[in-house]
> 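For reference, the structure I am asking about is given below.
Since we're looking at a predicted model, the values are computed, not measured. Values reported hereafter were calculated over all heavy atoms of this structure, with side chains retained and with hydrogens, waters and symmetry mates removed. Whatever order the structure lists ligands and atoms in, that order sets their numbers, starting from 1.
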Amino acid sequence: MFNELCCEDKTYRNLVGGKWMDSKTNKFIEIHSPIDGSLVGKVPSMSREEVDEVIKNSKEAQKTWRDVPVNKRAEILYKAADILDERAEEIGAVMALEIAKDIKSAVSEVTRTADYIRFTADAAKAMEGEAIPGDSFPGFKRSKISYVNRVPLGVVLAISPFNYPVNLSASKVAPAVVGGNSVLLKPPTQGSISALFLAQVFKAAGLPDGVLNTVTGKGSEIGDYIVKHTDIDFINFTGSTSVGYHISEITAMKPQLLELGGKDAAIVLEDADLEHAADNIVSGAFSYSGQRCTAVKRILVVDSVADKLVELLKDRIVKLKSGDPREEGTVIVPLIDNKAADFVMELVEDALSKGAKRVIGEKRKDNFVEAMLFDNVTLDMRIAWEEPFGPILPVIRIKNIDEAIDIANRSEYGLQSSVFTKDIDKAFYIADKLEVGTVQVNNKTERGPDHFPFLGVKSSGMGTQGIRYSIEAMTRPKAVVLNLNK
Ligand code: NAP
Ligand code: G3H
């Protein structure tokens, strides 16, 4: 089924108008595996002229797609979900090689995506319009009624990040298309091959030609041109805060949803179940080597239990398996590239030079960084504030709840936070004060389940994801007002 995508020399194509198109310019980007540098494949580096052609095709396709009944659109999504389940191992293996995600997480990213797509189809069918009688407003009669329905926005540009190339592409594509939009998917360059497999799944499921088109090419080269294109009606972006800010600056008045970086705190109080907190923090901070927007990225622990917590964390971190992501059970994997590892080590060196205590972890080789824990981190250290996107975790000791809230809120980010305590009153007090999209009580920070609202505030984003919320974000109310003659 994936033969059309590629050929013997590993040269991939883009899906345009229902066909896998060869590059017209013959310019390609080589994708090498972060595991061993081997060539995974080559993807076209599309020119502006090619992009124009693709967007024109997306615009045409949307005109017919918008009239397809929701139940028919949903049928295609159900089919796509079934194919993803059938092909999960195959796509997961591609992803493991391309982005060095451990094989278990890679396969479960695919099956989670299948569930996401099915739930999206269910949610779209359950969505209702409304009829609003005019006479509830002073001075109006029952003869005026607003009939309100949701309509698509047009062509949605979906831009996804490297760390979830399948799931964070599909979580834009599925709600957009079920809402009657066509989608132009610009996947992360490192991750684009996995995303092209996803596109093939939608094609095989019967999505009409042009309803999903793909564009590969470096964001730094072609990104500005695409986001500013006048025929793009909505931008759904997930990625770093710096690129998110940039897009928002150059696309004035273009509607958009931005899901950006984070610095999620785990706040641990005196009365917390420390074993439970340690289990959650370690899996929250270190899975996929911390390359998740929702990874636990700092611990704010009350001084009286800090020594105990640090011991429990150390016991768990030492057991994390590192190495080749294709081996079952690996957690600490090579980072996406050397630049990412350089950045992580910059933060480590800054922290050590300012007096942080290294509890565990030291080694870095090329793009591999060992899991590291630092205690006695202070607020003058960069690691207290910056998003490492790597396997390093700072412990900041605090005196009391109010200091925890203050430090948590001083971050430029506001994605999620965790609070570990047995006292529900304290949990609610803290949750109420934290400036984040979601507070997890007695659990690690995480996005799922995927029908929950998922959003960041401050520099963590703009707008809300989550199945129903995403459909709503990519459709708009359209009112037809009936003025009856009575
Ligand atoms: P990134 O460097 O910002 O890239 C994200 C996407 O934007 C990629 O497809 C990239 O393409 C593209 N891009 C780059 N420059 C562009 C431009 N000028 N115009 C349009 N598109 C452009 O982020 P990343 O390194 O892939 O992902 C890691 C970051 O994403 C972290 O900060 C993480 O916290 C954040 N993230 C947030 C969420 C969330 O839901 N809040 C989820 C996942 C990740 P290229 O690959 O070609 O450069
Ligand atoms: O990387 C950002 C993702 O949205 C995080 O999703 O919490 O399921 O890993 P996750």
> Please list, in number order, the atoms of ligand 2 under 4.0 Å from a heavy atom of Asn163.
1 (O), 2 (C)
> Under 4.0 Å from a heavy atom of Thr294: give me the atoms of ligand 2 that qualify, with their elements.
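Contacts of ligand 2 toward Thr294, numbered from 1: 5 (C), 6 (O), 7 (O), 9 (O), 10 (P).
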> Going through the checks in order, is the side-chain contact (heavy atoms from CB on, under 4.5 Å) test met by Ser160 and Leu185?
CA-CA 8 Å; Ser160 44; Leu185 172 62; 4.0 Å; yes
> Provide the number and element of each atom of ligand 2 under 4.0 Å from a heavy atom of Glu446.
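Atoms satisfying the 4.0 Å criterion: 7 (O).
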> Kindly confirm or rule out an N or O of Phe162 lying under 3.5 angstrom from an N or O of ligand 1.
yes
> Pick one of side chain, backbone, both or neither for how Arg112 approaches ligand 2, counting any non-hydrogen atom pair under 4.0 Å.
side chain
> Go through ligand 1 atom by atom and flag the ones less than 4.0 Å from a non-hydrogen atom of Gly217.
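It comes down to these atoms of ligand 1: 47 (O).
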> Closer than 4.0 angstrom, basic N to acidic O: yes or no for Arg364 and Glu370?
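Not counted as a salt bridge, because no side-chain N and carboxylate O are separated by less than 4.0 Å.
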> Does Ser242 approach ligand 1 within less than 4.0 angstrom via side chain, backbone, both or neither, non-hydrogen atoms only?
neither
> Does the Asn367 side chain pair with the main chain of Ala341, one donor and one acceptor, at a distance under 3.5 Å?
no
> Write out the residue and atom name of the closest protein heavy atom to atom 4 (O) of ligand 2, then the distance separating them to 0.1 Å.
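Nearest protein contact, heavy atoms only, for atom 4 (O) of ligand 2 is Arg447 NE, 2.8 Å.
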> State if Pro187 counts as touching ligand 1 under the rule of any non-hydrogen atom under 4.0 Å.
yes
> Which ligand 1 atoms does Gln465 reach within 4.0 Å, using its non-hydrogen atoms?
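Near Gln465, meaning under 4.0 Å from one of its heavy atoms, ligand 1 has 40 (O).
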> Can you classify the ring geometry of Phe197 versus Tyr12 as parallel (below 30°), tilted (30 to 60°) or perpendicular (above 60°)?
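Taking Tyr12 first and then Phe197, their aromatic rings sit tilted (interplane angle of 30° to 60°).
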> Test of understanding: given a 4.0 Å heavy-atom threshold, classify the contact between Thr445 and ligand 2 as side chain, backbone, both, or neither.
neither
> When you look at NZ of Lys321, are more than 12 heavy atoms from neighbouring residues, nucleotides or ligands closer to it than 6.0 Å?
yes
> Output the list of atoms in ligand 1 that are nearer than 4.0 Å to some heavy atom of Thr189, sorted by atom number.
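Under 4.0 Å from Thr189, ligand 1 has these atoms: 45 (P), 46 (O), 47 (O).
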> Under 4.0 Å from any heavy atom of Asp224, which atoms of ligand 1 are there?
17 (C), 18 (N), 19 (N)
> Out of all atoms in ligand 2, which are within 4.0 Å of some heavy atom of Cys293? Include the element for each.
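Reading through ligand 2 atom by atom, the close ones are 1 (O), 2 (C), 3 (C), 4 (O), 5 (C).
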> Mind checking whether Gln291 contacts ligand 1 via backbone (N, CA, C, O), side chain (CB onward), both or neither, at a 4.0 Å heavy-atom cut-off?
neither
> Is it true that, when you exclude Glu90 itself, more than 12 heavy atoms of the residues, nucleotides or ligands shown sit nearer than 6.0 Å to its CD?
yes
> Considering only heavy atoms, does Ile247 approach ligand 1 within less than 4.0 Å through its side chain, its backbone, both, or neither?
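Only the side chain of Ile247 comes within reach of ligand 1.
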> Is there a polar contact between ligand 1 and Gln190, counting only N or O atoms under 3.5 Å apart?
no
> For ligand 1, which atoms have a heavy atom of Lys218 less than 4.0 angstrom away?
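So the answer, numbered in order with elements, is 47 (O).
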> Would you call Arg150-Glu472 a salt bridge at under 4.0 Å N-O?
no
> Please work out whether any backbone atom (N, CA, C, O) or any side-chain heavy atom from C-beta onward of Asn163 is under 4.0 Å from ligand 1, and answer side chain, backbone, both or neither.
side chain
> Under 4.0 Å from a heavy atom of Leu168: give me the atoms of ligand 1 that qualify, with their elements.
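Close to Leu168: 42 (C), 43 (C).
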> Would you check the N or O atoms of Gly219, main chain and side chain alike, for any that come under 3.5 Å of an N or O of ligand 1?
yes
> At under 4.0 Å between heavy atoms, which part of Thr238 makes contact with ligand 1: side chain, backbone, both or neither?
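Both of them.
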> Taking non-hydrogen atoms only, is Ile226 closer than 4.0 angstrom to ligand 1 via side chain, backbone, both or neither?
neither
> Please state whether Gly461 comes within less than 4.0 angstrom of ligand 1, counting heavy atoms only.
no
> Give the contacting part of Arg292 toward ligand 1: side chain, backbone, both or neither, where contact means a heavy-atom distance below 4.0 Å.
neither
> Which ligand 2 atoms are under 4.0 Å away from a heavy-atom of Tyr164?
1 (O), 3 (C), 5 (C), 6 (O), 8 (O), 9 (O), 10 (P)
> Is the shortest distance from a heavy atom of Glu221 to ligand 1 less than 4.0 Å?
no
